[in-house]
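Contents: one structure, followed by commentary.
The residues of the chain are indexed from 1 along the displayed sequence. Note that the structure is predicted; figures quoted are calculated from it, not measured.
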Amino acid sequence: MTGVHPLLPDGQPGLLVSPVFGAEPHHGVEDRARYLAVGGYAPLTERDRLLDRIAAVGLRGRGGAGFPAAVKLRAVRDAPGRPVVVANGEEGEPGSVKDRWLLCHRPHLVLDGLRLAAAMTGAGHGYVYLSDALAEKAVRHALTEGPADLRVDVVRTEPAYVAGEETAVVRRIGGGPALPTAKPPRPFEAGVGGAPTLVANVETLARIAMLHACPDAAVAVAGAHLVTVSGTGDTAAALAEVPAGTHLKVLADLCGHGRAEAVLLGGLFGGFHGVGWTDLQLDHDRLNAAGGALGCGALHFLHPEDCPVAVATEAAAYLAAQSSRQCGVCVSGTGALAQTLAAVARGAADDAATGQLYRWSRHLPGRGACGLLDAAARIVATLLAHFPGRLDAHRDTTCPTCADPAPHDGRRFTVAVP
């Protein structure tokens, strides 16, 4: 992996104002003394003022859905009972590394954000939830480095696509399996031990800590995103901190993907974008308006030698294998999508395959307990929308790129932590 790339607002390599990466990207673990030296763990004298600042700058959650952070904080604060706060560091998307990077390199920044979230909501207990061994080591060491304002426990789980879904987080912390549960209730209503629970992505918490430490840079801090960039060939993956509104073409050029012809957005959740991808900007609302989604900020670029059918087939196979198998519609739906795409890739699909995929991609979203089925359906829907004719072109012929069976482990999208 090429490492970390802070960006200036004009898209040139440089430094953001008060970046989450720090004044210099940390390749070791930032200790408490170093974090204190940059304004960390500053007292919170007026919790409502920080909450109002979070609302004013429009900070959105970085776990995937992009839900307004202030709304979530207030819902937990206003629910009856003593709240619990959780730093969710379980990255289900194989193409994302931002959360593990933060936990491994800047654990105090995350813990500071968790402390502030507890203060704003009135919580008396916090958790750090993760699956990475190095991240766990860094967090546990950080917790030993000095007195804390909040009792924090670390809960480690096995990595899985659905393990970071908020109800799965609550279920695992409570001693059960890391699998989603039916909603309602939502965790903000009844979560860990039945208490109102804030499940917040670790980047969200890191940005809350930065908003507290650097109020003059609040707009830049809230608008920036950590994005994981990967793609084809020998170009190494990279983690970049990107100002709000950065064009994908600028990011692709910086990270060695300037000749890409398409992009898979948001890990496996945001779907494909083909012609016109260079005009897209890293912004939740703009990407949603374009039919995509920023999700967790993982971007996988497709180069001219890539076949989007092969990429979609591997993604669907991975999602089908990752199903928690609790919802019949998810098991049958993801299985049907994956099997039909595999048949298309082999040149063995019948004339009805494209129509079936189109119908399934329209009718399956929203029918599972979590977003896995939605991700699989969006992969297929955007493949059909952005690459019309590519599926039919695979009928009764063998695509050299699709010749090998798609692996189910997501290896094409997997990125190592820098």
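- Here the shortest heavy-atom pairing between R286 and G245 reads NH1-CA, 3.8 Å.
- Ion pair R62/E93 not flagged as a salt bridge, since none of the NZ, NE, NH1 or NH2 atoms sits closer than 4.0 Å to an Asp/Glu carboxylate oxygen.
- Within the 4.5 Å cutoff, side-chain heavy atoms of L248 are placed close to those of L265.
- Side chains of E305 and R259 form a contact here, defined as non-hydrogen atoms less than 4.5 Å apart.
- The shortest heavy-atom contact between D374 and G366 is OD1-N, 2.7 Å.
- Panel note: side chain T228, backbone V97; a donor-acceptor pair is recorded below 3.5 Å.
- Here the straight-line distance linking atom CD of E203 with atom CG of L59 works out to 9.0 Å at 0.5 Å rounding.
- The main-chain N or O of K98 is found under 3.5 Å from a side-chain atom of E91 such that the two form a donor-acceptor pair.
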**OP:** With side chain to side chain contact (heavy atoms under 4.5 Å, CB included) as the test, would you mind laying out the steps for R156 and R140 before giving the verdict?
**Re:** CA-CA 11 Å; R156 185 170 167 189; R140 289 191 182 279; 5.9 Å; no
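- Here CZ of R106 is found 11.5 Å from CG of D31. Values are rounded to the nearest 0.5 Å.
- The ring-ring contact (aromatic ring centres under 6.0 Å, His included) contacts involving residues 126-155 comprise H125-Y127, where partners must be two or more places apart or lie in separate chains.
- At a threshold of 4.0 Å, the pair K183-E165 counts as salt-bridged, since one of the basic side-chain nitrogens sits closer than that to a carboxylate oxygen.
- Using a cutoff of 4.0 Å between basic side-chain nitrogens and carboxylate oxygens, R74 and D48 are not scored as salt-bridged.
- Within the 4.5 Å cutoff, the side chain of V415 has no heavy atoms near those of the H300 side chain.
- Using cut-offs of 30° and 60° for the angle between ring planes, the F272 and F387 rings count as perpendicular.
- Judged purely by atom type and a 3.5 angstrom limit, R207 uses its side chain to pair as donor or acceptor with the backbone of V221.
- Of the inter-residue distances, the one linking T354 atom OG1 with L391 atom CG reads 5.0 Å to the nearest 0.5 angstrom.
- Residues L109 and M210 are in side-chain contact: their nearest non-hydrogen atoms beyond the backbone lie under 4.5 Å apart.
- Within the 3.5 Å criterion, the main-chain N or O of A42 finds a donor-acceptor partner in the side chain of H212.
- Using a 4.5 Å heavy-atom cutoff, the side chains of V128 and L103 are in contact.
- Between the side chain of E90 and the main chain of A163, no donor-acceptor pair closer than 3.5 Å is present.
- Between V263 and L299 the shortest heavy-atom distance is CG2-CB, 4.3 Å.
- Checking side-chain atoms of T334 against main-chain N and O of L319 turns up no donor-acceptor pair under 3.5 Å.
- Side-chain contact between V139 and E136: absent, with no pair of heavy atoms (C-beta onward) separated by less than 4.5 Å.
- Geometrically, R32 engages Y41 in a cation-pi contact defined by less than 6.0 Å to the ring centre and at most 45° from the axis.
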Subject >> Candidate pair T246 and V227, rule side chain to side chain contact (heavy atoms under 4.5 Å, CB included), full reasoning >> reply: CA-CA 11 Å; T246 299; V227 296; over 6 Å; no
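- In terms of modelled atom types and a separation under 3.5 Å, the side chain of D306 and the main chain of H303 share a donor-acceptor contact.
- Formation of a donor-acceptor pair under 3.5 Å by the T382 side chain with backbone atoms of I379 is found in this model.
- A donor-acceptor pair under 3.5 Å links the side-chain atoms of N88 to the main chain of G164, judged by distance alone.
- In this structure, L268 and A375 approach most closely via the heavy-atom pair O-CB, 3.3 Å.
- Distance check, rounded to the nearest 0.5 Å: CG of N201 to SG of C296 gives 9.0 Å.
- Rounding to the nearest 0.5 angstrom, the gap separating the CG atom in D392 from the CG atom in L384 is 9.0 Å.
- Checked by atom type and distance alone, the side chain of R53 pairs as donor or acceptor with a backbone atom of L211 at under 3.5 Å.
- Taking the ring axis of F269 as reference, the NZ or CZ atom of R378 stays within 45° of it and closer than 6.0 Å to the ring centre.
- Residues V199 and V192 fail the side-chain proximity criterion, which asks for heavy atoms closer than 4.5 Å.
- For T204 against G61, the heavy-atom pair with the smallest separation is OG1-CA, 3.5 Å.
- Side-chain contact between P187 and T167 is present, with heavy atoms from C-beta onward closer than 4.5 Å.
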**OP:** Run the numbers on V275 and H386 for side chain to side chain contact (heavy atoms under 4.5 Å, CB included), then give the verdict.
**Re:** CA-CA 7 Å; V275 175; H386 287 273; over 6 Å; no
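- Taking the charged nitrogens against the carboxylate oxygens, R115 and D112 do have a contact shorter than 4.0 Å, which makes a salt bridge.
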Subject >> Verdict with supporting geometry, L198 and K72, side chain to side chain contact (heavy atoms under 4.5 Å, CB included) >> reply: CA-CA 7 Å; L198 175 77; K72 202 170 184 180; 3.7 Å; yes
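- The structure places CD1 of I208 at 7.0 Å from CG of L50, a figure rounded to the nearest 0.5 Å.
- Smallest separation of non-hydrogen atoms from V162 and A168: O-CB, 3.4 Å.
- Partner R60 forms a side chain to side chain contact (heavy atoms under 4.5 Å, CB included) with one of D285, V71, L294, I54 and no other, that one being D285.
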